[in-house]
Amino acid sequence: MKATGFSRGLVLDVGIPDELQGEAGADAAVALMDGLAADLKESGRFKSLRGGNEADVAADFQRQYFPRRLAFLSDVPEKEVPALFSPEGLAAALARLKDALVLPSAPLVKKLAPSDPLLSFADLLQRIQDGAAKLAPRQHRGRWFSADLRHVLLMTETAAPAFDSDAQRAAIAKVRERFAARNEEAGGGFTLAFTGLGRFVVEGEDRAKSDISFASTASSIACALLFLAFFRRLRFLVLAFVPVSVAGAVAVGVLAGLKGSIHGLTLGFGGVLIGACIDFPIHLLNGLRAPPEEGPEAVRRADRAMTRNLWSGLGTTLAGFLVLCFSEYPGIREIALFCIVGIASAFAFTVLFLPPLRPWLAPRPGQRPPPARHIPVDRALAAMARHRVAVVAAMALLAIAAAAALPRLQLEQDARALDAGDPATLAEDAVVRQHLPTSAFPRVILASGADLPEALARNDEVFAALAARKAAGTGPDFASLHPFLPSPGLQQRNLDALAALPDPSPGVREALAVAGFKPDRFQPFLDDLALARDGGVRPLQASDLDGTSLHGMLEGFTFERDGRSYVLTLAGPEVAPGDLLGLQRDDDSVLVMDPRSLVSSLVTSSQQQTLWLVGVGIAVNILLIILIRRRPRLALSTLAPTLLTILAVVGGIAALGVRLNFLHVVSLLLILCMGIDLGLFLLDEDAGTAGGAGAAPTVLLSASTTTATFGLMTFCKTSALVSVGWTVGAGILVLGVLTFAVRAVAFGGGRHASP
Amino acid sequence: MAPVMLLACLASPAAAAEPPAKAVPCDQAPGLAQAFTGVTTLRAAFTDRKEIALLDAPLVSKGHLFYQRPDRLHMVTESPSRQAVTLAGTKVKVVQKDLGRQQAMDLSASDIARAVVSNILLVLGGRIDELSQMYRCSAEAEADAWHLSLFPLKEPMTKVVRRMDVRMARDGTLREVRVEELGGDASTMTFTDLQANRPFTDPEVRSYFTP
């Protein structure tokens, strides 16, 4: 990416209208693009604008390379330089010169021949041209064009970094505005396509903001409606939402204070935590408003059970998310921390501030007490209890089907799947990339050293290894900095090899005469040869290119990090790992990598670790429930719906052919925490009207709010949030049904059935 | 890029020169344009004699030429060494069989490279319009041929060529092209065994004109 310039800015692609064909079209496109480039430069938002019209390149090449051409003779100078200046070598070189003089390009060759009869400068330029042609688009009329000459291209580098979204947004707006104006001036019909990291950053941020806004608003409305439908009192709604608001504010504040910024995905994910946080006030408010119809002792018992269940719910939920804090993936850690802080804040506010409000919440004298039972739920429970065998069989069938699908489960390896871009932008990106010749080199080989000359020396070795394999037909095509800038050490070895020769001038003169040339005409070459042998030529250093038009080439292939210098080589997909090429070194000074595979392997590795952590979370929750419930049957009943739901969700993901990504995995943890909470409340024998079968309506409300909030996430634009929405939404729906089914099977149906 | 670099090194102004007194501007010569454009394909043997100051003796090369309007040319040199040059639009391929070398380039990268290398295409294709823009072109009717004198008008050709003389039969087939360069070197290419307007077969097109 660095070498192609993609990461540093925007690639602009102007398409020529069909009615403008041939040179007329090319001329019009060049005029439009030149005007656009001038406008963008004037805006001050672009650091560089390159369209292929780099007039100084030829002069800079001539100035920097021609005097040093004898330092570039060979990559194996100790062997090849003596061979080149042997009688046979000189005869072959001069035969090449004669052949070149026969070609239509002879007028060009003759100009340099007196100084370069061995065509070493022409060969050097050819090598550099071959390398540059692999990375630069086609040149036409002094500009960069697509191969079919129907699109003119401009490589821009923005003044601001790609991740400065505000600056990138302004730069993109400027591009669109100035193109529209220039297109109108040119008569219209031209098309603009552009791509670059900055565009994806801006659109990703816009998408995340839009999703966060949608998810929070829609979730709040859905929860409020469900809440009002259940409690039918506005004050309950207010009291339920205050802890949730506190949770959001505290979580954002703590993360912002700790890290300085919060990722959009975390906010999107956290925005729907409302569905999880609201469970605490739902259960507590339901308990607080219950009338003491069964006497003070029953109320005290119910209060104790409520407190125990709330604390148990908090403990199991926090345990699940605490495990995720050990993830290697910073995004997972951030989400886990956000959830822990948010849920703990919601809990703290709920247990501290809501109980004192009991007198205000309980029914007033003469007021009809709230229904402690929900007739449809009771009926459903009773029906399931009557058909226990069928219910158990259905659950067993679900477990078997889900387990059977598990072998088909695949982990997501493509990081881009978490936030796929806008289809129109991706299509535009594909069009522009099609016009760039860099997509053939997906692999990157990094050569590094304590300083740039040392890194270049390593890069010389990389080039030699790759060139040998390519020549043998066993290696990939590649683009290297080496022809452009071999290490100073290698250049010096060429000069030393020349100096080590016996005076070559007589031999050269004789070879010229034998080949039919006039030796005196080649005195410039003989003078330069003597100068090189006498130490009058200094190897080309990277610093010699500073401030020249050639600096961009160097900048694209080199960088510094942590005090080391790096040189890039781009290679085709066939390149073998470094150790197989014989390049890998113990000191990691040469590394072969596939950036896409590297990202994918990091993603896969992170997901495997996250999956493992979720497994630990499940184990911790099982242990906690065994400790809390003490009786195996009760513990099993509490855990069974959740574990079966997790199995069903994972099996469903596998059966649908969806690749499991790390957000699916985090979603499983949410299902675990929610499921344990539902089980704790619905399957509690001591909770009286606020628990056990009496808790059925609030459990139903809790499951409904969670399903609604996460279900609404499926309408988001960010793929990752949609994944979470589908997983948790569907999971909680299944979980709700299974929790009631287990309740009916294990403890019978109806309000009065007790475990 | 290499042609760009090489051509960037060519720099000196063109010497003034005058066309023959009886000559008329090419675009006013009766029948010249029709004769030129009447040739759509051409096969010919050629002999190219180059007088180069660097060499003791003229460098003579022989071979065959294949041309298809408007911009395809295949030149095969059979002596003194085997080489083949294929021009298709702005794309060029040079194969030096005896040296085992092959080189491809795109002339569109440089105006000067395109002008120099594809000069012959303009002549073969009878592109009077383009020739008249780049050269002061005058035509003189001889006994059975046209004699065209071309003097470069603007860069990049003014940096390379002093004059060109083209002799063409009345039927539009080329007989001789002589190029005098600024440094005093010259080349004369004569054509024999001409076959005009004999269509190329598909295999020939693929073989001759694929750069």
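Chain A is the first sequence line, chain B the second, and so forth, proteins listed ahead of strands; every chain is numbered from 1.
- If you measure heavy-atom distances from D123(A) to chain B, the contacts under 4.5 Å come from the side chain alone.
- Looking at R127(A), neither its backbone nor its side chain comes within 4.5 Å of chain B, counting heavy atoms on both sides.
- Across every non-hydrogen atom of D48(B) and V102(A), the tightest pair is OD2-O, 4.2 Å.
- Residue A95(A) does not touch chain B at all, counting heavy-atom pairs closer than 4.5 Å.
- Heavy-atom pairs under 4.5 Å with chain B were tallied for F522(A), F517(A), F66(A), Y65(A); the largest tally goes to F517(A).
- Side chain of Q83(B) to main chain of L103(A): no donor-acceptor pair is present (N/O by atom type, distance under 3.5 Å, no hydrogens or angles).
- Contact count versus chain A (heavy atoms, under 4.5 Å) is highest, among S61(B), A53(B), P80(B), G63(B), for A53(B).
- Closest non-hydrogen pair, K110(A) versus I52(B), comes out as CD-CG2, 3.6 Å.
- When every heavy atom of D56(B) is checked against every heavy atom of A513(A), the shortest pair comes out as OD2-O, 4.5 Å.
- More than 12 heavy atoms of other shown residues, nucleotides or ligands fall within 6.0 angstrom of atom CD in Q523(A).
- The OG atom of S187(B) sits 11.5 Å away from the CG atom of L101(A) when rounded to the nearest 0.5 Å.
- Within the structure, the salt bridge (Lys or Arg N to Asp or Glu O under 4.0 Å) test picks out the following pairs touching residues 64-89 of chain B (sequence neighbours left out): R82(B)-D98(B).
- Interface remark: V94(B) contributes side-chain atoms only to the contact with chain A (heavy atom separation under 4.5 Å).
- Ranked by non-hydrogen atom pairs under 4.5 Å with chain A, the options T77(B), V179(B), V60(B), D185(B) are led by D185(B).
- For L55(B), the parts lying under 4.5 angstrom from a heavy atom of chain A are both the backbone and the side chain.
- Under the rule for a side-chain contact (heavy atoms from CB on, under 4.5 Å), the partners of A511(A) that lie at least two apart in sequence or sit in another chain are L90(A), L94(A).
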